[in-house]
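First the structure, in the form of C-alpha cells, and then the observations on it.
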Amino acid sequence: MIFSRRETLALGLGAAALGVLPFRVNAATEDAIAEFAGGADVGEGGVTLIAPEIAENGNTVPIEVDAPGATEVMVLAAGNPLPGVATFEFGPLAGSHHASTRIRLAGTQDVIAVAKMADGSVVQTSALVKVTIGGCGG
Amino acid sequence: MADNVKPRVRAPRSTAAGETHTLKTLISHPMESGQRKDSDGNTIPRSIIHRFTCEFDGETVIDVTMEPAISTNPYFEFEAKLPGAGEFVFTWYDDDGSVYTETATVEAA
C-alpha cells in the first residue's frame, strides 16, 4: 500500500488527535464527580491539591490533599485508563483533613481532587502534572 | 495471595490528651493494576489492596478506598488527634479476601 502525501498528512493529524484526546477530562471522570457530588453543585476553593509540576516517573507520583472541614475527599486522574484513584473518608479522630499518598499516572494529565464538606457542599480543584515516563505498564 | 505482604507503621509511643500526631503507613504489595500484559499478551488480572482503615479504640481516623491507580507499596500519611492513651488498629483489605492488620499501642505522656 502506497500513501500519497495527502493521506500521510491526514494519518499524522489523526494520530496526533488520538494522542491528545485521552488526556482531556473525559466522560467517565465527569460521571465520577457527579456521582460523588450527589446532585450538589461543584464549587471552587476550600480544597488544596499538592502535586509535582513534573513527575519523572509516573509509577509513583507523590500527592497531598488538604480540605479543612471536609468529610470525604476523592482524587481522580482524568487521563488514566480508569479515572478513580482514591477516596479518603475522615473520621471523628482525624487530626486534620490532610492526607498524602503516591499514585500512578499514565501520562501528562490533570489530577483532580473533589471534597465533600460537612455541610454538604462540594468543591473541586485540579493540578496539571507532566509525566515523563507513564506508569501503567504496557 | 500476594507474597511477602508486610505492613509498616510509624505511630507515636505516647500522647497527651488532645495532641495531634502524624502517622505514616506503608505496606509492601505489588498492587497489580489489571492494565498490564505479560510477555504473551495476556492481561495480568487485577490484584490490589482496595481499602485501608485506621481506627483508634474503635473510632475511625481515616478510611481510604483505593483504586488501581495507587502505586506499588501503598503509602499513606495522615494526622490523628488522640483523646488519650489507647491502641491504633490499621487494617488493609486485599482483593483476594486477605486482611492485614497492624496495631500500635500509645501510652499516656
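In this text the structure is predicted, and so the values were computed from the model without any measurement. Naming convention: chains lettered A, B, ... in sequence-line order (proteins, then strands); numbering from 1 in each chain.
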Heavy atoms only, distances under 4.5 angstrom: which of A:Thr60, A:Leu93, A:Val75 has the most pairs with chain B? Name it, please. A:Leu93
In terms of hydrophobic clustering (I, L, V, M, F, W, Y; side-chain heavy atoms under 4.5 Å; direct or indirect links), are B:Val5 and B:Phe52 co-clustered? yes
Any B:Thr20 side-chain heavy atom under 4.5 Å of A:Ser96 side chain: no
Treating Ile, Leu, Val, Met, Phe, Trp and Tyr as nodes and any side-chain heavy-atom pair under 4.5 angstrom as an edge, say whether A:Val42 and A:Ile112 lie in one connected cluster. yes
Residue of the set B:Val64, B:Thr65, B:Asp63 for which side-chain contact (heavy atoms from CB on, under 4.5 Å) holds with A:Thr87: B:Thr65
Shared hydrophobic cluster for B:Val9 and B:Phe88 (ILVMFWY, side-chain gaps under 4.5 Å): yes
Top contributor to chain B contacts, counting heavy-atom pairs under 4.5 Å, from A:Pro62, A:Ala86, A:Gly91: A:Gly91
Are B:Leu26 and A:Arg102 packed together at the side-chain level, in the sense that at least one heavy-atom pair is separated by less than 4.5 angstrom? yes
Roughly how far apart are A:His97 NE2 and B:Glu79 CD, rounded to 0.5 Å? 10.5 Å
Toward chain A, the part of B:Ile48 with a non-hydrogen atom under 4.5 Å: neither
About how many Å separate CE of B:Met31 and CG of A:Asn59, when rounded to the nearest 0.5 Å? 12.0 Å
Can B:Tyr93 be reached from A:Val85 by stepping across I, L, V, M, F, W or Y side chains whose heavy atoms are under 4.5 Å apart? no
Under 4.5 Å from a heavy atom of chain A, the part of B:Ser71 involved: both
Would you kindly confirm whether A:Val47 and A:Leu76 end up in one hydrophobic cluster when ILVMFWY residues are joined by side chain heavy atoms under 4.5 Å apart? no
Nearest heavy-atom neighbours spanning B:Ala69 and A:Gly84: CB-O, 3.6 Å
Evaluation steps, side-chain hydrogen bond (donor to acceptor under 3.5 Å, both in side chains), between B:Thr72 and A:Arg104: CA-CA 9 Å; B:Thr72 306; A:Arg104 288 179 179 140; 3.0 Å; yes
Under the side chain to side chain contact (heavy atoms under 4.5 Å, CB included) test, residues paired with A:Ala127 that sit two or more places apart: A:Leu49, A:Ala51
Pick from A:Ala99, A:Ala77, A:Ser100, A:Ala94 with the largest number of heavy-atom pairs that fall under 4.5 Å of chain B: A:Ser100
Measure the CZ-OG1 distance between B:Phe78 and A:Thr101 for me, rounded to the nearest 0.5 Å. 10.5 Å
I need the minimum non-hydrogen distance between A:Pro92 and B:Glu59, along with the two atoms involved. CG-OE1, 3.1 Å
